[in-house]
There are 2 protein chains.
Amino acid sequence: MPSHADIHACNHVHAQCENADLVVAAVERAREAGLRRTRALEDVLHILVEAHRPLTLADVAESGQLGSGADRATVYRLLTRLEERGVIRRLGLHDRSAYYTMVFPGEHNDYLICNRCGKIERLDIACPVEALETQIAQQSGFASLYHELEFYGVCPACAEA
Amino acid sequence: MPSHADIHACNHVHAQCENADLVVAAVERAREAGLRRTRALEDVLHILVEAHRPLTLADVAESGQLGSGADRATVYRLLTRLEERGVIRRLGLHDRSAYYTMVFPGEHNDYLICNRCGKIERLDIACPVEALETQIAQQSGFASLYHELEFYGVCPACAEA
DNA sequence: ATACATGCAAACATTTTGCTTTGGC
DNA sequence: GCCAAAGCAAAATGTTTGCATGTAT
């Protein structure tokens, strides 16, 4: 099940990228959360923003967009810190490894995943779970409730082969 | 995050257990799918039926209900085969390890999970995703579509401490 | 100057496989 | 008897940590 990043080249000068503002905003959020502005931090956030889909630690570490050539351990710790501070989210997909994705305010994160080729597609749907979530929060007494919703199946391409 | 089984004792004579019929049915489904009736197979299914919640490979292998004291590799291969044949389902929860749970026909499998203590609770709710699933299947062309829905948060007990 | 971040290497946890022996059918 | 399953042991994979050094603030 392949899971490697396929990120468009972007010549390392973040200000020139399409989503430059999003990256800047993300870095800002990270800084407000107490992280230091380092090359690795900027690169990791840049990669996640550009990908706009869940990436594994390996995806990020090997994406070639890490100008610094940051160490895996560094990326690992960055992802962990960013997740703890709510800048990114960790997903428990079926792969052996964890996936991380940017948290874009007001944006849904439900996925459609192929069990054969591992392709992960973000679903832009009106999620019907929102209402239910509120209800469950009340009934269960759980705090900080959020949900994860994934659809699994076999994509048309894989079904042929 | 603890994830060990807490299965009620049941003196190894499957016919005497509360859910004996469910175990028998499960074994039967496995047999029809081409698996051989072995001690390990019966034990694993017995454990999963009794637990009635997702268990990890380690949970099953160390549950003490494996009369045969089956090897981890054996349990692993059994779980894999059973999943491939649709007798059980594998869940990608946030834990490092995969979870397996019985597939009870007509029963929903949405979960409420505590991010602190790791407690996993099955939700007996009318899942609002069903309709959406059909729609997505049509639009995406995906085959064998199913979904996984989990709610994460902090349970009341953990919130106190 | 201080505390946080990084790199490198090593430890861990879990899954996965190879191969021989056992046992269901 | 034949082929799937079990047992044992080792490899593979991915995560996590310790410690010395570098660097943002």
Side-chain angles (χ1 to χ4, degrees), chain A residues 1-5 27-47 54-63 66-85 87-88 90-100 118, chain B residues 1-5 27-28 30-47 54-63 65-85 87-88 90-100 118:
Chain A
M1 197 177 280
S3 68
H4 284 292
V27 172
E28 208 37 56
R29 261 185 293 159
R31 300 226 51 223
E32 279 163 15
L35 299 193
R36 292 181 176 180
R37 168 184 252 99
T38 67
R39 180 71 185 277
L41 174 72
E42 293 185 321
D43 285 348
V44 166
L45 287 174
H46 176 210
I47 291 166
L55 298 179
T56 64
L57 166 60
D59 288 337
V60 177
E62 295 160 9
S63 81
L66 277 172
S68 45
D71 190 84
R72 260 186 142 69
T74 298
V75 176
Y76 169 75
R77 285 189 268 231
L78 271 175
L79 291 173
T80 303
R81 282 177 221 143
L82 288 168
E83 197 230 333
E84 284 167 352
R85 287 146 216 243
V87 179
I88 66 178
R90 186 162 70 102
L91 300 175
L93 306 183
H94 268 182
D95 222 324
R96 179 121 67 114
S97 41
Y99 281 78
Y100 295 88
Chain B
M1 196 178 278
S3 69
H4 283 291
V27 172
E28 208 37 56
R31 301 227 47 224
E32 279 163 15
L35 299 192
R36 293 182 175 179
R37 175 192 297 281
T38 66
R39 178 70 184 277
L41 174 72
E42 294 186 320
D43 284 348
V44 166
L45 288 174
H46 175 210
I47 290 166
L55 297 180
T56 64
L57 166 60
D59 287 337
V60 176
E62 295 161 7
S63 80
Q65 301 299 113
L66 277 172
S68 46
D71 191 82
R72 261 185 141 70
T74 298
V75 176
Y76 169 77
R77 284 191 266 234
L78 270 176
L79 291 173
T80 303
R81 283 178 220 139
L82 287 169
E83 196 228 335
E84 283 166 354
R85 288 146 215 244
V87 180
I88 66 179
R90 186 162 71 101
L91 300 175
L93 306 184
H94 269 182
D95 222 323
R96 178 119 67 114
S97 41
Y99 281 78
Y100 295 89

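We use all heavy atoms of the structure for the numbers below, so side chains are in, but hydrogens, waters and symmetry mates are not. Residue numbers begin at 1 in each chain, while the letters A, B, ... track the order of the sequences.
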Consider the side chain of [X], meaning its heavy atoms from C-beta on, and name the nucleotide among [options] that approaches it most closely.
X	options	value
A/T74	C/dG7, D/dG7, D/dT15	C/dG7
A/R81	C/dA5, D/dG7, D/dA6	C/dA5
A/R36	C/dC8, D/dA5, C/dC4	C/dC4
A/A73	D/dC8, C/dT6, D/dT17	D/dT17

Closer to the 5' end of DNA chain C via nearest nucleotide, is it B/R31 or B/Y76?
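Nearest nucleotide further toward 5': that of B/Y76.
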
If each of B/T80 and A/L41 is mapped to the nucleotide of DNA chain C with the nearest heavy atom, which maps nearer the 5' terminus, i.e. the 5' end?
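Looking at the nearest nucleotide for each, A/L41 comes out on the 5' side.
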
Nearest-Å distance for atom pair [atom1]/[atom2], residues [X] and [N]:
X	N	atom1	atom2	answer
B/L93	C/dT14	CG	P	14 Å
A/R72	D/dT13	CZ	P	12 Å
B/L57	C/dT14	CG	P	9 Å
B/L55	C/dT14	CG	P	15 Å
A/L78	C/dC4	CG	C1'	11 Å
A/R37	C/dT6	CZ	C1'	18 Å
B/H94	C/dT14	NE2	C1'	18 Å
A/Y100	D/dT15	OH	P	7 Å

Minimal non-hydrogen separation, [X] against [Y], with atom names:
X	Y	answer
A/E42	A/V27	CG-CG2, 4.2 Å
A/R72	A/L57	O-CD1, 4.0 Å
B/A33	B/R85	O-NH1, 2.9 Å

Polar side-chain contact B/R77-D/dG7 base: donor and acceptor under 3.5 Å
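Flag set: donor-acceptor pair detected.
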
Donor-acceptor pair present, A/R96 side chain and D/dT13 base, under 3.5 Å:
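Such a pair exists between side chain and base.
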
N/O (side chain, A/T38) to phosphate O (OP1/OP2, C/dT6) under 4.0 Å
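The answer is yes; a side-chain N or O of A/T38 sits under 4.0 Å from OP1 or OP2.
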
Look at A/R39 and C/dA5 and indicate whether a side-chain polar atom (N or O) is within less than 4.0 Å of OP1 or OP2.
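Checking C/dA5 against A/R39, no side-chain N or O comes under 4.0 Å of OP1 or OP2.
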
Check: A/E83 and A/L79 side chains under 4.5 Å, non-hydrogen atoms:
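They are not in contact (no side-chain heavy atoms under 4.5 Å apart), so the answer is no.
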
Tell me, do A/E84 and A/R90 make a side-chain contact under 4.5 Å, heavy atoms counted?
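No, too far: nothing below the 4.5 Å cut-off.
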
